[in-house]
Each structure stands twice: as structure tokens, then as C-alpha cells.
Amino acid sequence: MKDLSRKALCIGQTQFHDQYFDTPEFDLTLRDTWLRKREGCWELKCPTAPLGEQCEAAALCTRYKEITSLADIQLRVQEVIKDRDTETSASLLDERWLSKMNLVCFAEFTTVRRSYRLQQEGVKIDLDQADFDYSVGEVEVIVPEGGDVQSALERIEQAAQKLGLNGDKRIEGKMDVYLKKHHPQHYMKLVSEHIL
């Protein structure tokens, strides 16, 4: 993504600390469900159903529904790990709910992110440098519930062409590299289930 500053508007730089949680048996991640705490805020990323898009970008894109309400996160986590005794109350706003659901931190790292916006396409580009010696870029379009995913994929494809990126292979994300380096057994389970 060389010469990005000439093609996009820099909208800022941030640093954040992420912690990811799962059961010791990987009940969440083996269902492609990612529970993250970033700077004190909870987020759960859940897979969305494939829509059969026909553009080139579709095969290389990841699509998740992002849940940020702690009560909704707790309910969804209970649904995913329903085979366990996980009765808890959404009123547990402290971190006791993690131990009640047998959730432990399996990944923790800090990232410095520089963000850019392509005005014409309404596309955001994040360039991340993680503290475990890995850098990666992401081209992102956020689609509201019920929004036009096909249009978003086309905008991503146009942005990639404008930036001179070829989309002939999937690039490893931060989590792929982190797990490969720090938790290879977890990584191999996710690869064997075609999650990573």
C-alpha cells in the first residue's frame, strides 16, 4: 500500500490493548465466534451466513456481526456453549461472568493502528502494527444490519484496485499469526476446522 497518503485521507492513529477469551476447549473460536475486550469494552464477533456474492473480493473477505451490548454478548456466549452449565445473569457487569462460563484469556496483545479513509468509495483502511512483530492492513466497509453487502464488496474491490493491491490470496490476520507463534495447538485446531 505504498503512497497511501496520496490516495487516502489519514484520519488518525490509535493504540489499543486486546484480550481474547474462550473456554479451555475452544468452544467459541471453533465456532468462529470471537470474544474480545478492547480497552475495557466488550465485543463479540459472530459469523454471518454467506450470501453467495460473485465478485472477487467475496472470497477474500471476512464478514462478522459485531455485538457490543454486554447483556447480548453474555446471552450469545451462553447459546454457543449451551452444552455447559453456564447459567449466569446479565446483571453481572464485573468479570465474574467469565469464570461462571469457564472463559479464560488465550490471547493478549497491543496494536498501533493508523487509519485512512478513501472518500470516494467510503472505505476505511487500517494499518496495524502488533507488539508481537506483525504488521497487516485491512480494507473495511461496515454494513448496517440488512444493508447491501454486495455493494460493500464491490467498493472494497474498487478500493483495492485503486491502491494497487492484488487480491489473489488471503493474508494472515493478527490472530492467525499470534496463535501460530504462541498457541500452535489452538491454531492447528482452527485450521483443521477451516476457521483460519
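In this chain, residues are counted from 1 in sequence order. Heavy atoms only: backbone and side chains are in, while hydrogens, waters and symmetry mates are out.
Considering every non-hydrogen atom in both Ile67 and Cys46, the closest pair reads CD1-SG, 3.9 Å.
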Practice prompt. Let me see the working for Glu25 and Leu30 under side-chain contact (heavy atoms from CB on, under 4.5 Å), right down to the final yes or no.
Written response: CA-CA 9 Å; Glu25 296 79 20; Leu30 285 172; over 6 Å; no
Practice prompt. Might you work through the side-chain contact (heavy atoms from CB on, under 4.5 Å) test for Trp42 and Leu35, ending with a clear yes or no?
Written response: CA-CA 7 Å; Trp42 290 97; Leu35 176 61; 3.7 Å; yes
Worksheet item: Are Lys174 and Asp128 close enough, and set up right, to give a side-chain contact (heavy atoms from CB on, under 4.5 Å), and what steps lead you there?
Response: CA-CA 9 Å; Lys174 287 184 291 191; Asp128 287 354; 3.0 Å; yes
Worksheet entry | Val77 vs Met101, side-chain contact (heavy atoms from CB on, under 4.5 Å): CA-CA, chis, key distance, verdict | CA-CA 8 Å; Val77 168; Met101 292 192 196; 3.4 Å; yes
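With values rounded to the nearest 0.5 angstrom, Glu66 atom CD is found 4.5 Å from Lys45 atom NZ. Annotation: the span from His186 atom NE2 to Lys189 atom NZ amounts to 8.5 Å, rounded to 0.5 Å. Atom CZ of residue Phe16 and atom CD of residue Glu39 lie 8.5 Å apart, to the nearest 0.5 angstrom. A distance of 4.5 Å separates CG of Leu190 from CG of Leu196, quoted to the nearest 0.5 Å. A distance of 13.0 Å separates CZ in Arg76 from OG in Ser69, rounded to the nearest 0.5 Å. Atom-to-atom distance recorded for Tyr187:OH and Ser192:OG is 11.0 Å, nearest 0.5 angstrom.
In this structure, the side chain of Thr33 engages the main chain of Arg31 through a donor-acceptor pair within 3.5 Å. Checking side-chain atoms of Thr23 against main-chain N and O of Phe26 turns up a donor-acceptor pair under 3.5 Å. One N or O on the side chain of His183 and one on the backbone of Phe106 form a donor-acceptor pair closer than 3.5 Å. Using modelled atom types, one side-chain atom of Tyr134 and one backbone atom of Glu172 make a donor-acceptor pair closer than 3.5 Å. Not one N or O on the side chain of Glu43 forms a donor-acceptor pair closer than 3.5 Å with the backbone of Arg38. Here the side chain of Asp22 pairs a donor or acceptor atom with the backbone of Asp27 at under 3.5 angstrom. Remark: the backbone N or O of Gly173 is paired with a side-chain donor or acceptor of Asp176 at under 3.5 angstrom.
At a threshold of 4.5 Å between side-chain heavy atoms, the hydrophobic network of Ile, Leu, Val, Met, Phe, Trp and Tyr places Val191 and Val177 in one connected group.
Contact of the Trp97 side chain with the Ile73 side chain is registered, since non-hydrogen atoms from C-beta on lie closer than 4.5 Å. No side-chain heavy atom of Leu179 sits under 4.5 Å from any side-chain heavy atom of Pro184. Annotation: side chain of Leu118 is not in contact with side chain of Lys124 (no heavy-atom distance under 4.5 Å). His17 places a side-chain heavy atom less than 4.5 Å from the side chain of Glu108. Phe109 has its side chain within reach of Met175: a pair of non-hydrogen atoms, C-beta onward, lies under 4.5 Å apart.
For Gln15, the side chain to side chain contact (heavy atoms under 4.5 Å, CB included) test picks out Thr110, Val112, with sequence neighbours left out.
Under the 30°/60° scheme for interplanar angles, the aromatic rings of Tyr178 and His182 are found to be tilted.
With ring centers used as reference points, Phe21 lies 6.0 Å or more from Trp34.
The existence of a salt bridge linking Asp126 and Arg114 is excluded, since no basic side-chain nitrogen approaches an acidic carboxylate oxygen closer than 4.0 Å.
The environment of NZ in Lys65 is sparse: at most 12 heavy-atom neighbours from other residues, nucleotides or ligands sit within 6.0 Å. For Gln185, the CD atom sits in a loose shell: 12 or fewer heavy atoms of surrounding residues, nucleotides or ligands are nearer than 6.0 Å.
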